[in-house]
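Residue numbers begin at 1 in each chain, while the letters A, B, ... track the order of the sequences. FYI, side chains are in, hydrogens and waters are out, and symmetry mates aren't considered; it's all heavy atoms of this structure.
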Protein chains: 2
Amino acid sequence: MTGIAQYTGTFLPSGLAPAELIAILVAVTDNQPRVMTLRGGEALPSGPFESSHRSLQSSLRAWIEAQTGHPVGYLEQLYTFADRDRDPRSGDVETSQRISISYLGLVREQDAAGAGRPSWRSWYRYFPWEDHRDCIPEEVPRIADRLTAWAGADPLKAQRVDYLFGLNGKTWNEELVLQRYELMYEAGLVDVPEFGLPMAGDNRRILATGISRLRAKIKYSPVVFELMPESFTLLQLQRTVEALSGLHLHKPNFRRQIDQQELVEETGEISSGTGGRPARLFRYRPAILEARMLSGARLPLSKS
Amino acid sequence: MTGIAQYTGTFLPSGLAPAELIAILVAVTDNQPRVMTLRGGEALPSGPFESSHRSLQSSLRAWIEAQTGHPVGYLEQLYTFADRDRDPRSGDVETSQRISISYLGLVREQDAAGAGRPSWRSWYRYFPWEDHRDCIPEEVPRIADRLTAWAGADPLKAQRVDYLFGLNGKTWNEELVLQRYELMYEAGLVDVPEFGLPMAGDNRRILATGISRLRAKIKYSPVVFELMPESFTLLQLQRTVEALSGLHLHKPNFRRQIDQQELVEETGEISSGTGGRPARLFRYRPAILEARMLSGARLPLSKS
DNA sequence: CCAATTATACTCGATTCGAGTACATTAGGG
DNA sequence: CCCTAATGTACTCGAATCGAGTATAATTGG
């Protein structure tokens, strides 16, 4: 090692790039994890980066709240892309590199989610193989077959297919949304119509990144409560976590974990039963937020 | 919610920003976690983002390898900053927003780390309160005192101090490097000379981000091996993990966890003992990489 | 009154994990 | 040669966690 890196105090013209923000806005309604989309469900909301704000975070927060009318409870930076060939379908002659900074935002359940709100779509329409709440979706074996054929005699590829899709004794890992999508991309399966809706450019890949991150996050951080109404029953909370993780949870274990972590407290009220015994209502304990945000809030999962 | 966000197909001039890459390059030598610095240890290596490469990742990788002469085993994007007032000390008249994309890179132990390599510095020189391997550093109680005074009668602040610095029965959490630094920043303690070396601009904060991320990562991912030589003893491996986490590890438990995860295999050779019984040499099992990268590789920690 | 549905409490066993103890093997000094 | 220091290696134990199953309580609707 002879050369020592020099700090370049000035910036070359090549250091100038158009910057764009992309938001993955998530809400859960009717036990479905929904994401805000534009252009007929083919694009994630995005816009140019305005330098009038103090930081990226506040810039995006203001923009989202202006557009949706809802406050964003939780906002987290995901990833910054700058690939030249990001949007192969785009008709733009412009081929210069664009910097795209993606964010994950959580907003509370939309009140009165009527039929006239087509912009929020269940993310399982884009990734139908990811919903394992009731059963293993029919897409999984069909994708697995085509992936196995694609892997051929390559043992490493075959092992990767097994691991990512829970084949041959491997267990399904719900966090690997992005890795599964990328494997399918390599095998040329992402544009097969029966394997989920398309999106413009790499928006579907960015969405997969967001789902992966959120599924990982809810296991050690109480971000779920950013998606819940003020008061809720424990089953509602469980259904929300199930919607996000795409897994079925063991009810007694879920309750045990929730109350031994002291994340919630009773409101004293009781839900108007939709059938069956009425449930107690709980609210999130904001006092404990700081501490729990820093430590971990594990969630109990279970198979099928 | 009346307004629906519009996708802006074009980019305003405000969407143009200078882009810069910042690298946190980490190596472990002499049981010290070291970071590559420039300008007398006051800056992290950085440079303008060149659009001649295919992606950010490959752009930065090429740049690092050209500068250091060492291949980068592991490279991960950390965070993208775009705050206007990033470098308050800078004499630049230029106040326009700059986008800084930070990366964490791991390089193998430098061979023959003589005295003539001043650019690699132990990160504990910047964060002396973070090294809990032998004992709790003397800085911790002194910082704690000043933070408690700063918190005053505010119970939330006091609780935060306790939690972050392991006071009043709370246990030290080694991952919260960034949160501790930010708390000290709020309390105006980061520029106290006895509390660590300074860095230009927010470089020290970025370094804290990288340490936090790496300390979290080694718990569930086998990235440590990117810092190890080809063959190593189990104690060497343990010392490296200890250097990074700043914690003392329980030897029997460490070995148990390592071999029951089947991350390593014996080379058959035996180390030339530096004293004491000679140890068997191991190498990382690259075949298992894919699988372990995806699942988790927990590490056993211990207190005091 | 009964069935269906939901809520809530409890038990059991496997696994993990922190912590401690014991023993083995080498180098080096008296 | 023996003793000590330093390192390597193998066990054990108990607490905590966690997946899974079972049982019981309360309510609605026929």
Side-chain angles (χ1 to χ4, degrees), chain A residues 31 132 134 166 171-174 218-220 231-242 245 247-282 295-304, chain B residues 31 132 134 166 171-174 218-220 231-242 245 247-282 295-304:
Chain A
N31 292 337
H132 288 226
D134 302 323
T171 55
W172 174 265
N173 185 340
E174 87 284 356
I218 54 173
K219 283 192 188 170
Y220 59 90
S231 70
F232 46 85
T233 70
L234 291 183
L235 187 60
Q236 283 170 354
L237 180 62
Q238 180 179 344
R239 292 282 178 255
T240 302
V241 174
E242 287 176 335
S245 66
L247 293 175
H248 173 72
L249 300 184
H250 188 269
K251 200 198 298 191
N253 291 349
F254 181 81
R255 303 171 93 93
R256 171 175 63 186
Q257 200 124 28
I258 292 300
D259 64 52
Q260 84 186 13
Q261 298 200 133
E262 298 182 325
L263 290 169
V264 297
E265 62 188 3
E266 290 188 52
T267 65
E269 290 168 282
I270 288 186
S271 76
S272 54
T274 61
R277 171 177 170 177
R280 290 180 292 182
L281 284 175
F282 292 83
S295 64
R298 279 166 241 309
L299 288 172
L301 303 179
S302 85
K303 302 151 194 154
S304 182
Chain B
N31 292 337
H132 289 226
D134 302 323
T171 55
W172 175 264
N173 185 340
E174 87 284 356
I218 54 173
K219 283 193 187 169
Y220 61 90
S231 71
F232 47 84
T233 70
L234 291 185
L235 187 59
Q236 284 170 354
L237 180 63
Q238 181 180 343
R239 292 283 178 255
T240 303
V241 175
E242 287 175 335
S245 65
L247 294 174
H248 173 71
L249 300 184
H250 187 270
K251 201 199 296 193
N253 290 349
F254 182 81
R255 304 172 93 93
R256 173 176 61 185
Q257 199 125 30
I258 292 299
D259 65 54
Q260 84 188 11
Q261 297 200 133
E262 298 182 324
L263 290 169
V264 298
E265 61 188 3
E266 289 189 52
T267 65
E269 290 168 281
I270 287 184
S271 76
S272 55
T274 61
R277 172 176 171 179
R280 289 180 293 181
L281 285 175
F282 291 83
S295 64
R298 281 165 241 310
L299 288 173
L301 304 179
S302 85
K303 301 153 195 154
S304 175

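The CZ atom of B:R280 sits 16 Å away from the P atom of C:dA24 (whole-angstrom rounding). Computed from coordinates, the B:F254 CZ to C:dA19 C1' distance equals 17 Å when rounded to whole Å. The interatomic distance linking B:Q260 (CD) with D:dC11 (C1') rounds to 14 Å, in whole Å. Counting to the nearest Å, the C1' atom of C:dC10 and the CZ atom of A:R255 are 14 Å from each other. B:L247 has its CG atom 16 Å from the P atom of C:dC17, to the nearest Å. For the pair A:D259 CG and D:dT17 P, the computed distance is 13 Å after rounding to whole Å. In this structure, A:F232 places its CZ atom 14 Å from P of C:dA7, rounding to the nearest Å. Between A:N253 atom CG and D:dT22 atom P the separation is 14 Å, expressed in whole Å.
Between the CG atom of A:L237 and the CZ atom of A:F254 there is a distance of 4.0 Å, given to the nearest 0.5 Å. In this structure, OG1 on A:T233 lies 7.0 Å from CG on A:L281, to the nearest 0.5 angstrom. Here the CD-CG distance, from B:Q238 to B:L249, works out to 5.0 Å after rounding to the nearest 0.5 Å. Here the CZ-CD distance, from B:R256 to B:Q261, works out to 11.5 Å after rounding to the nearest 0.5 Å.
With distances taken from any side-chain atom of A:Q257 to the nucleotides D:dC18, C:dC17, D:dT9, the minimum falls on D:dC18. Distance from the side chain of B:H250 is smallest for C:dA19 among the nucleotides C:dA19, D:dG21, C:dT26. Considering only the side chain of B:K251, D:dT9 comes nearest among C:dA7, D:dT9, C:dG18.
Closest-nucleotide positions on DNA chain C for B:P252 and A:L234 were compared, and the one nearer the 5' end corresponds to A:L234. Across the interface with DNA chain D, nearest-nucleotide mapping of A:I270 and B:L235 shows B:L235 to be the residue nearer the 5′ end.
Within 4.0 Å (heavy atoms only), B:R256 reaches at least one base atom of the nucleic acid.
Other residues, nucleotides and ligands place more than 12 heavy atoms under 6.0 Å from the CD atom of A:E265.
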